[in-house]
Amino acid sequence: MFYVHLRFRRLSPRRLPPFTPLKLPEIYGALCLQWTLSNATTLLQVEQKLDPELRTIFWIEMICQRVSQVALDATKLQDEMNSDNYKLQFIPMMRPIRENKYRNSSLFGKLMWWHNHFWSDEATWMQTAFLWKAVFGLSGFSPEDLDICITHIANTRLRNSTTSSFSNYGMFPFNALVSSIPLAIAVRSTRLPLLFRPMNGIQRALVGATIYFTTMQNYQHYAYLKTLKDPSSIKRAIEAALASKKKGAKSG
């Protein structure tokens, strides 16, 4: 496709001004990267469905549904989350679980922490952690795996929403990129490096941000679960918690 496009451009030179500073190889390179990440995400989904050790993903997705159900009719839980106990005891107790890895990591480790935790803020994470505690409790999980599970769920949830879904972070850089095109065309027409070079840099950054936020979010969602230290113990703890609640419901 790239060579066909290249040949076409040689036979029919471009008449419109360029929308971005990207050259043809860069455009196809960006599309190839996006395609590669999308396919890698699909392979991760298939792998987690076929590998017995990685089927924790189904337990996690079930947790998302269960958490949503709890949030729908949890007036009591909402009241508890507005209480001083939640603000003064629960949040200080859970914050080290969320932040310890960041505090004790190298620069690369800190960047990876942001890569995994960027998709939801602390308030969403704490609300998800509180709902996790209400459904499954906190015992039986290592702090590292607990952070991964809660972050995995929090990253799919909109703050103060009962719908498990991704926030579309990619729309902001994409809209900014599209909005910058008229200005970029006008600036390049001046042929003044002092003007068009900063605009070129801004547009390149927006293209990179659009690819990262639109593609990497899904990839991170599935790849993050592969970093679980002991997924089998998580499954056992979840099964035990659900069995206990089911038994309590029957006896009640």
Side-chain angles (χ1 to χ4, degrees), residues 29-30 33-34 36-38 40-41 43-45 47-48 54 56-57 60-61 63-64 67 86-133 138 140-161 164-174 176-177 198 201-231 233-234:
L33 176 61
Q34 194 167 21
T36 301
L37 286 173
S38 297
T41 302
L43 289 175
L44 281 172
Q45 289 176 284
E47 181 183 356
Q48 289 174 351
L54 294 176
T56 311
I57 178 64
I60 302 299
E61 296 301 334
I63 293 168
C64 289
V67 166
Y86 174 78
K87 298 174 183 175
L88 301 179
Q89 296 184 29
F90 182 77
I91 291 179
M93 178 185 71
M94 296 301 295
R95 185 171 284 132
I97 294 177
R98 182 175 186 262
E99 297 180 357
N100 268 352
K101 192 170 184 178
Y102 176 84
R103 293 173 179 171
N104 300 320
S105 294
S106 62
L107 177 61
F108 177 77
K110 293 182 189 300
L111 290 175
M112 289 305 298
W113 186 92
W114 276 109
H115 168 72
N116 292 315
H117 290 77
F118 168 83
W119 315 102
S120 58
D121 59 17
E122 183 185 84
T124 304
W125 194 95
M126 289 299 175
Q127 291 172 8
T128 305
F130 192 78
L131 292 172
W132 176 290
K133 176 178 176 290
L138 299 176
F141 308 99
S142 69
E144 295 82 2
D145 284 351
L146 189 60
D147 175 44
I148 292 171
C149 290
I150 294 173
T151 302
H152 176 82
I153 299 171
N155 287 351
T156 66
R157 294 179 58 78
L158 300 173
R159 185 175 179 182
N160 297 324
S161 171
S164 295
S165 59
F166 287 117
S167 296
N168 195 352
Y169 292 98
M171 287 306 297
F172 176 76
F174 177 75
L177 176 63
I202 291 171
Q203 284 197 307
R204 286 180 186 275
L206 289 173
V207 169
T210 300
I211 293 174
Y212 177 80
F213 288 120
T214 57
T215 310
M216 189 58 73
Q217 189 172 15
N218 276 323
Y219 179 81
Q220 184 277 337
H221 180 69
Y222 293 100
Y224 195 36
L225 287 180
K226 294 190 71 174
T227 64
L228 287 168
K229 306 279 186 214
D230 191 4
S233 69
I234 293 174

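Numbering of residues begins at 1 and proceeds along the displayed sequence.
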Which distance, rounded to the nearest 0.5 Å, do you find between the [atom1] of [X] and the [atom2] of [Y]?
{"X": "Ile153", "Y": "Ser120", "atom1": "CD1", "atom2": "OG", "result": "11.0 Å"}
{"X": "His117", "Y": "Met112", "atom1": "NE2", "atom2": "CE", "result": "11.0 Å"}
{"X": "Trp125", "Y": "Thr128", "atom1": "CH2", "atom2": "OG1", "result": "9.0 Å"}
{"X": "Ile150", "Y": "Thr124", "atom1": "CD1", "atom2": "OG1", "result": "13.0 Å"}
{"X": "His221", "Y": "Gln45", "atom1": "NE2", "atom2": "CD", "result": "8.0 Å"}

Salt bridge (Lys or Arg N to Asp or Glu O under 4.0 Å): which pairs involve residues 204-213, sequence neighbours left out?
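As it turns out, the salt bridge (Lys or Arg N to Asp or Glu O under 4.0 Å) pairs with a partner in residues 204-213, which skip direct neighbours, are Glu26-Arg204.
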Kindly state each residue pair satisfying salt bridge (Lys or Arg N to Asp or Glu O under 4.0 Å) with at least one member in residues 104-116, sequence neighbours excluded.
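Every candidate salt bridge (Lys or Arg N to Asp or Glu O under 4.0 Å) pair involving residues 104-116 fails, so no pair, neighbours aside, qualifies.
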Qualifying residues under side-chain contact (heavy atoms from CB on, under 4.5 Å), relative to [X], sequence neighbours excluded:
{"X": "Leu33", "result": "Leu37, Ile211"}
{"X": "Thr227", "result": "Ile148, Tyr224"}
{"X": "Ala223", "result": "Leu44, Tyr219"}
{"X": "Phe118", "result": "Tyr169, Phe213"}

With sequence neighbours excluded, residues passing side-chain hydrogen bond (donor to acceptor under 3.5 Å, both in side chains) with [X]:
{"X": "Gln89", "result": "Asn85"}
{"X": "Thr215", "result": "Gln34"}
{"X": "Ser105", "result": "none"}
{"X": "Gln220", "result": "Asn116"}

In the structure I gave you, are the side-chain heavy atoms of [X] and [Y] within less than 4.5 Å of one another anywhere?
{"X": "Thr210", "Y": "Val207", "result": "no"}
{"X": "Ile91", "Y": "Phe130", "result": "no"}
{"X": "Cys149", "Y": "Ile234", "result": "yes"}

Under 3.5 Å, which donor-acceptor pairs link side chains of residues 92-99 to any protein atom two or more places apart or in another chain?
{"unit_1": "Arg95", "atom_1": "NE", "unit_2": "Glu122", "atom_2": "OE2", "d": "3.1"}
{"unit_1": "Arg95", "atom_1": "NH2", "unit_2": "Glu122", "atom_2": "OE1", "d": "3.0"}
{"unit_1": "Glu99", "atom_1": "OE1", "unit_2": "Arg103", "atom_2": "NH2", "d": "2.7"}

Can you say whether the rings of Tyr86 and Phe90 are parallel (under 30°), tilted (30 to 60°) or perpendicular (over 60°)?
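Parallel: the ring planes of Tyr86 and Phe90 meet at under 30°.
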Assign the ring pair Trp132 / Phe141 to parallel, tilted or perpendicular, where the plane angle (0 to 90°) is split at 30° and 60°.
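Perpendicular.
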Is the backbone N or O of Lys229 less than 3.5 Å from a side-chain atom of Asp145, with the two atoms forming a donor-acceptor pair by type?
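The answer is yes, because a donor-acceptor pair under 3.5 Å joins these two groups.
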